[in-house]
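Lettering of chains follows the sequences in order, A, B, ..., and the numbering in each one begins at 1.
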Amino acid sequence: MTEATDTRTPDSRPTGALSAQYQPGEVEQRRYEQWVSRGYFKADETSDKPPFAIVLPPPNVTGSLHVGHALDHTIQDALSRLKRMQGFEVLWLPGMDHAGIATQNVVERQLAAQKLSRHDLGREKFVEQVWKWKAESGGAILGQMKRLGDSVDWSRERFTMDEGLSRAVQTIFKRLYDDELIYRANRIINWCPRCLTALSDIEVDHSDDDGELVSIRYGEGDNAIVVATTRAETMLGDTAVAVHPDDERYKHLVGTEVELPLTGRRIPIVADEHVDPAFGTGAVKVTPAHDPNDFEIGQRHDLPSITIMDERAVVTVPGPFEGLDRYEARPAVVAALREQGRIVAEKRPYVHSVGHCSRCKTTVEPRLSLQWFVNTTPLAQAAGDAVRDGRVRIEPPELAKRYFAWVDNMHDWCISRQLWWGHRIPVWYGPNGEIVCVGPDEEPPSGEGWKQDEDVLDTWFSSGLWPFSTMGWPEQTATLKKFYPTSVLVTGYDILFFWVARMMMFGLYAMDGVQPFDVVNLHGMVRDGHGKKMSKSFGNVVDPLDWIERYGADATRFTLARGANPGSDVPISEEWCQGSRNFANKLWNATRFALMNGATVEGDLPAPSELSTIDKWVLSRLQHVVGEVDEQFAAYEYAKVCDTLYHFAWDDVCDWYLELSKPVLAGTGAEAARTRRVLGHVLDQLLRLLHPVMPFVTEELWTVLTGGETVTRAAWPAVDAALIDDAAEEELAALQKVVTEVRRFRSDQGLKPSQRVSAALTGLGTAGIDTHEPLIRSLARLDAPAEGFTATATLAITGGVTVDLDTRGTIDVAAERARLEKDRAAAEKEAAQCRGKLGNEAFVGKAPEHVVAKIKDRLATAEADLERIAAALEALPTA
RNA sequence: GGGCGCGUAGCUCAGUGGGAGAGCACUCGCCUUACAAGCGAGGGGUCGUAGGUUCGAAACCUACCGCGCCCA
């Protein structure tokens, strides 16, 4: 891999030629190490430059770099590199999340392999074990980020469980507690019977699963009432039957009691607005301890709650079902009811929405238990207002609707987890029922009978503090002063609620109303080349490291960025990555060609008055491109940035400018010198523009081309309006038109590129391109008319140029006729369309003047074309 | 059930009132002295359907059909 590029020392101008192909592997590793060791990514809070800060969404310590990270990081890195070049003091702060349940599960699985549970070790030993795991196998992703080229400040790496962040967690917990925004209550919460912990609403994934719907008759005769349920076993904990108050069918039963089968208990029939009379029989069983809706009904009607299962979802009610798991108890209960003739109807399969633990996929069990909650009402209000009043901008703006839908209807947040890995809740319970919340600088109460709460906090509690806890909060650090609020938060729209809303709530609360970031830039999910979700079972998962290995980090990044249209998902495929690799190679070869031809960045750029039209044209195009890229970056339009640069580099620079410049570069005079300077300038600027997205190849080429130390710190190109030259652009368009038309003729005639053809060109002056005749001849492979020149074909080109060609009698008349007929059809269609519009009085009367003028122009062009085509057809020998 | 979004070339997507575009794929011709990971040329779309607004609709409005996502 190294033999390709090792002909020069890393920092100097080339001592030999660049290889014919770009080999990313060696370049990437060498450049990355150099960047870090030279401190290019270090942020300086004492700098006078304006700040630009991004905090990296902390990946899980258990994670490895997947393609979603690759997209997220590519965007953040592009922004960071752009801003560095634009003269900002950039902080991109890396770190990791301790990922409570996920990490604990990893270590528990390891223990299970040795037939051990965490309880065998005990809390202290277990947590020690987790730390050990973290030290040995955690954080693999950090090394992988380097492969991608992430320009993070490694000296500031943080971990949500490190000392400083733990202090931040305790500080904010205490504040919220003292402000009565944290409370403890017996509530129904989502419970994972496998992880044995509470889950917040967002840690539950819903899916439509096959189940059963069983209709059960409670009571006898006229008093009988039928209820339907997908979870028959919970009937053991029913404490009422509810019907809608206006439901005529049951009016006579409201207020009466009915016997609950299998238990002998008598339960009331209550009326509640919440019941949907149209669903099933219109009567529902009420199990307050095992269903969130039923819990609400229970509260309203003051019903008792009977817990019938333990934390592992095993039935605890004394009797025949005791000791059965919920899935064993369900058929057992149904069988017992059937024996009593109480099963009225059964529907299997019955598809309904079922909640699953987002970590282990186990079906969650709603469970009544004592947990800690955050009262989100005031916090969510502030989080919504910050976006409503424009202090925080969500990009793309359409996604703000989703954000509002969430923050404006937020439930209180269950923050306690029955885990051992995480921030332990800083609350102590005394022997006489005292409850003390301990702040970071306070000593916990000691003495007989005091015990700390056993639970830890939800992982998102600490990651919600990330934008300021990582900068040293609660201390008033220089870093916070310089870099808070952060500039942009880049993340996928899937964690808008998980994380963004939490950071908004905590940031505004902890930082006296100052938002944690000015802009939230949301991107989509990475999908395969057919827009399908990537999944292991489908076998379409892309490993970014694999692509980096085979195609290079730049190609991988370019592919991702090129697909990143605002608000929509990002499809990628290996073919497209190959295309990106090809693009990197194109840049490599263009630079190689330029160096071989003496391109330089020494000295001032010649004044436009001294330059050829070709040079003026490419400089003019460059100005437009710089302006477009600036606008596109400012609008977070990464796909468009890539597209603009791809076309400028490939079409304008490589296909036209380099080709047009070859004859000049072959010379040695002053004109050649000027073109070498322009070529050097254009490539220098192009490599700068591409650096944010393709950092490695641009660094390698730019340092070789310019002799500069690094492009990472080179100034971002600025538009020079004096170099915009409409006349040069028009002239080039006319030139391109002639060349393209001749090429088309040659191709249609089956003339090989090696076959020179004599031709006479007329009308170049009319088109304003008479000075370019030699260029046209070289690009279109046309020789000057020799003695005995006889035109066998005539090309009449829009703009007034005529090319008479002597094909030495080999003209394919049929092909030429077909070509001309096609052109005529197109021109006729165009002319008819224009005449139609201009003949429409309403159009001429109501359309804006410039639109009408444009149509008139088009008609004139089409008519002139028709005339020329007719003449050419006329002149064609009859077959 | 509630909300949001999307249907444009074979595939993936830009285009949001005034000549249907890109990348890839495809066809043809080329080892033209930077690059075959390349060069040149070309074919291909009644812009989901039906109405409406407008001088003019792929774009705006309404309905419908199909697909996706989020929430319950």
Sugar-phosphate, base or nothing in reach of A:Glu830, heavy atoms under 4.0 Å: base
Sugar-phosphate only, base, or nothing, as touched by A:Ala590 at under 4.0 Å among non-hydrogen atoms: base
Length of the line joining A:Gln833:CD and B:rG19:P, which is rounded to integer Å: 8 Å
Sugar-phosphate, base or nothing in reach of A:Lys662, heavy atoms under 4.0 Å: base
Sugar-phosphate, base or nothing in reach of A:Lys822, heavy atoms under 4.0 Å: sugar-phosphate
Touch class at under 4.0 angstrom, heavy-atom based, for A:Thr591 against every strand present: nothing
Touch class at under 4.0 angstrom, heavy-atom based, for A:Arg581 against every strand present: base
Below 4.0 Å: OP1/OP2 of B:rG38 and any side-chain N or O of A:Asn582: yes
Quiz item: A:Arg858 side-chain donor-acceptor pair to B:rG19 base, under 3.5 Å: yes
Near-strand residues of residues 650-660 of chain A, defined as heavy-atom separation under 4.0 angstrom from RNA chain B: A:Trp650, A:Cys654, A:Asp655, A:Leu658, A:Glu659
Touch class at under 4.0 angstrom, heavy-atom based, for A:His850 against every strand present: nothing
Any A:Lys401 side-chain N or O less than 4.0 Å from OP1/OP2 of B:rG5: yes
Check: A:Lys586 side chain, B:rC35 base, donor-acceptor under 3.5 Å: yes
Sugar-phosphate, base or nothing in reach of A:Tyr493, heavy atoms under 4.0 Å: nothing
Separation of atom CZ in A:Arg402 from atom P in B:rC4, rounded to whole Å: 11 Å
Sugar-phosphate only, base, or nothing, as touched by A:Gly579 at under 4.0 Å among non-hydrogen atoms: nothing
Sugar-phosphate, base or nothing in reach of A:Pro571, heavy atoms under 4.0 Å: sugar-phosphate
Touch class at under 4.0 angstrom, heavy-atom based, for A:Asn597 against every strand present: nothing
Separation of B:rG42 P from A:Asp823 CG (nearest whole Å): 10 Å
Phosphate OP1/OP2 of B:rA14: any A:Ser568 side-chain N/O under 4.0 Å: yes
Partners passing salt bridge (Lys or Arg N to Asp or Glu O under 4.0 Å) against A:Arg824 (at least two apart in sequence or in another chain): A:Glu821
Presence of A:Tyr638 side-chain N/O under 4.0 Å of B:rA14 phosphate oxygens OP1/OP2: no
Sugar-phosphate, base or nothing in reach of A:Asn585, heavy atoms under 4.0 Å: base
C1' gap between B:rC26 and B:rC55, integer Å: 41 Å
Residues forming a side-chain hydrogen bond (donor to acceptor under 3.5 Å, both in side chains) with A:Thr740, sequence neighbours excluded: none
A:Lys640 side chain near B:rG15 phosphate (N/O to OP1/OP2, under 4.0 Å): yes
Donor/acceptor link under 3.5 angstrom from A:Gln21 side chain onto base of B:rA37: yes
Sugar-phosphate, base or nothing in reach of A:Arg562, heavy atoms under 4.0 Å: sugar-phosphate
Whole-Å distance separating the NZ atom of A:Lys737 from the C1' atom of B:rA41: 14 Å
A:Phe593 CZ - B:rA34 P separation (whole Å): 6 Å
Atom-pair distance (CG on A:Asp569; P on B:rC6), nearest Å: 13 Å
Between P of B:rA36 and CG of A:Asn589, the distance in whole Å: 7 Å
